[in-house]
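First up is the structure itself, then whatever we jot down about it.
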Amino acid sequence: QAAGPHDQIGMHAGQSNRHPRSARRQPLPSPRRCLRRCGAVATVAVVRVASLHVYPVKSTRGVELTSAVVEPWGLAGDRRWMVVDEDWRLLTAREDPRLLTVAARALGDGELKVTGPHAAPMAVAGALGEVVPVQVWNDVVPARHPGPDADAWFGALLGRAVRLVW
C-alpha cells in the first residue's frame, strides 16, 4: 500500500508509522480517523515561499517566477541546459564565475534565449541537435548539442572552447 502525505502526522519520538493495534507494516489511517481512534495529536506545518527561481542553464543567472510547474525531476525548465568543456564535462560557475553574467530564458521545450555582456542576445534550438554523451558529476547522460553558434557565443564569453547542450 502506498504511503500518503499524512503518514507521519501525530507521530511522537520513538513511534513507528504503524497503527498501534496492528503488527503489520502499513501507513497510518487518515488524520481525522487517527485522531478519533489513536488519540494522536495532529500538527500542521505552514510553509511560506519567499522567492522562486529557475536556472534554465546550469550556473547562469536565475529567473524569478511567481509560480512553477513541478515535474517528477524538478521544476519545469530548471537546469535543462548546461555548458560543458571540450571533453563534454559539466562546467559550473565555481570553475568560471563569468557564467553568472548570462541571463537565460526558456522559450519552449528545447528552445532558449541567452543574453550576456559580451555579445548580442542569441536564440538557440536544442531539440534537433545531435545526441552526445556528457558527464555530470559522476554520471554520463545523453544530451543534445545544438551546434557551433551557441558554442561560439559561450566561448567568446569564457575565452575558451566550450559547448552548450540540452
Side-chain angles (χ1 to χ4, degrees), residues 1-9 11 16-17 25-28 30-31 43-119 121-158 160-166:
Q1 187 175 6
H6 59 271
D7 289 347
Q8 298 298 315
I9 291 178
M11 300 294 291
S16 72
N17 68 340
R25 290 181 179 252
Q26 57 183 315
L28 286 171
S30 71
T43 57
V44 177
V46 176
V47 177
R48 181 179 177 274
V49 177
S51 66
L52 185 61
H53 294 80
V54 294
Y55 302 82
V57 178
K58 170 96 174 107
S59 288
T60 61
R61 204 176 321 153
V63 176
E64 188 169 6
L65 303 175
T66 56
S67 65
V69 174
V70 178
E71 298 172 329
W73 42 86
L75 296 179
D78 189 39
R79 295 170 207 157
R80 301 298 185 259
W81 296 81
M82 64 182 158
V83 176
V84 296
D85 64 16
E86 287 183 289
D87 296 320
W88 302 96
R89 288 187 302 237
L90 170 65
L91 179 65
T92 70
R94 284 185 205 116
E95 298 163 85
D96 200 323
R98 290 175 288 186
L99 284 169
L100 296 171
T101 65
V102 175
R105 184 163 302 275
L107 301 176
D109 197 29
E111 295 181 31
L112 180 74
K113 181 179 181 182
V114 290
T115 306
H118 68 292
M122 172 183 246
V124 182
L128 301 177
E130 168 192 14
V131 177
V132 295
V134 298
Q135 185 173 347
V136 181
W137 312 123
N138 294 322
D139 297 314
V140 175
V141 297
R144 292 204 176 262
H145 178 233
D149 292 343
D151 299 347
W153 193 93
F154 275 93
L157 171 70
L158 302 177
R160 65 188 231 184
V162 295
R163 298 175 176 109
L164 178 68
V165 296
W166 176 66

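Fair warning: this is a prediction, and the values are worked out from it, not measured in the lab.
Applying the side-chain contact (heavy atoms from CB on, under 4.5 Å) test to W137 and every residue at least two apart in sequence or in another chain returns K58, L90, T92, R94. Applying the side-chain contact (heavy atoms from CB on, under 4.5 Å) criterion to A143, with sequence neighbours excluded, gives V134, V165. Residues meeting the side-chain contact (heavy atoms from CB on, under 4.5 Å) test with R144, sequence neighbours left out: V131, W166. With sequence neighbours excluded, no residue satisfies ring pair (Phe, Tyr, Trp, His ring centres under 6.0 Å) with H53. Shown here are the side-chain contact (heavy atoms from CB on, under 4.5 Å) partners of D87, two or more places apart in sequence or in another chain: D85, R89.
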Q: Go through the steps to decide whether V69 and L75 satisfy the test side-chain contact (heavy atoms from CB on, under 4.5 Å), and finish with yes or no.
A: CA-CA 6 Å; V69 174; L75 296 179; over 6 Å; no
Q: Apply the test side-chain contact (heavy atoms from CB on, under 4.5 Å) to residues R160 and L91: give CA-CA distance (whole Å), side-chain angles for both, the deciding distance (0.1 Å), then the verdict.
A: CA-CA 12 Å; R160 65 188 231 184; L91 179 65; 3.2 Å; yes
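Between A93 and S59, the shortest heavy-atom contact is N-OG, 3.0 Å. Contact between V102 and L157 at its shortest, heavy atoms only, is CG2-CD2, 3.3 Å. Across all their heavy atoms, P56 and A104 have their closest contact at CG-O, 3.4 Å. Closest approach of G126 to P146, counting heavy atoms only: CA-CB, 3.9 Å. The two residues L158 and L99 have their closest heavy-atom pair at CD1-CD2, 4.0 Å. Closest approach of A68 and L52 over heavy atoms only: CB-CD2, 3.7 Å.
Listed by first then second residue, pairs satisfying side chain to side chain donor-acceptor pair (under 3.5 Å) with a partner in residues 63-78 read E71-W73, E71-R80, not counting sequence neighbours.
Side-chain atoms of H118 come within 3.5 Å of backbone N or O of W153 as a donor-acceptor pair. One N or O on the side chain of R61 and one on the backbone of T101 form a donor-acceptor pair closer than 3.5 Å.
Distance check: K113 NZ to R105 CZ gives 9.5 Å after rounding to the nearest 0.5 Å. Distance check, rounded to the nearest 0.5 Å: CG of D96 to CZ of F154 gives 11.5 Å.
With V83 as the fixed residue, the side chain to side chain contact (heavy atoms under 4.5 Å, CB included) test singles out one of D151, V162, T60: V162.
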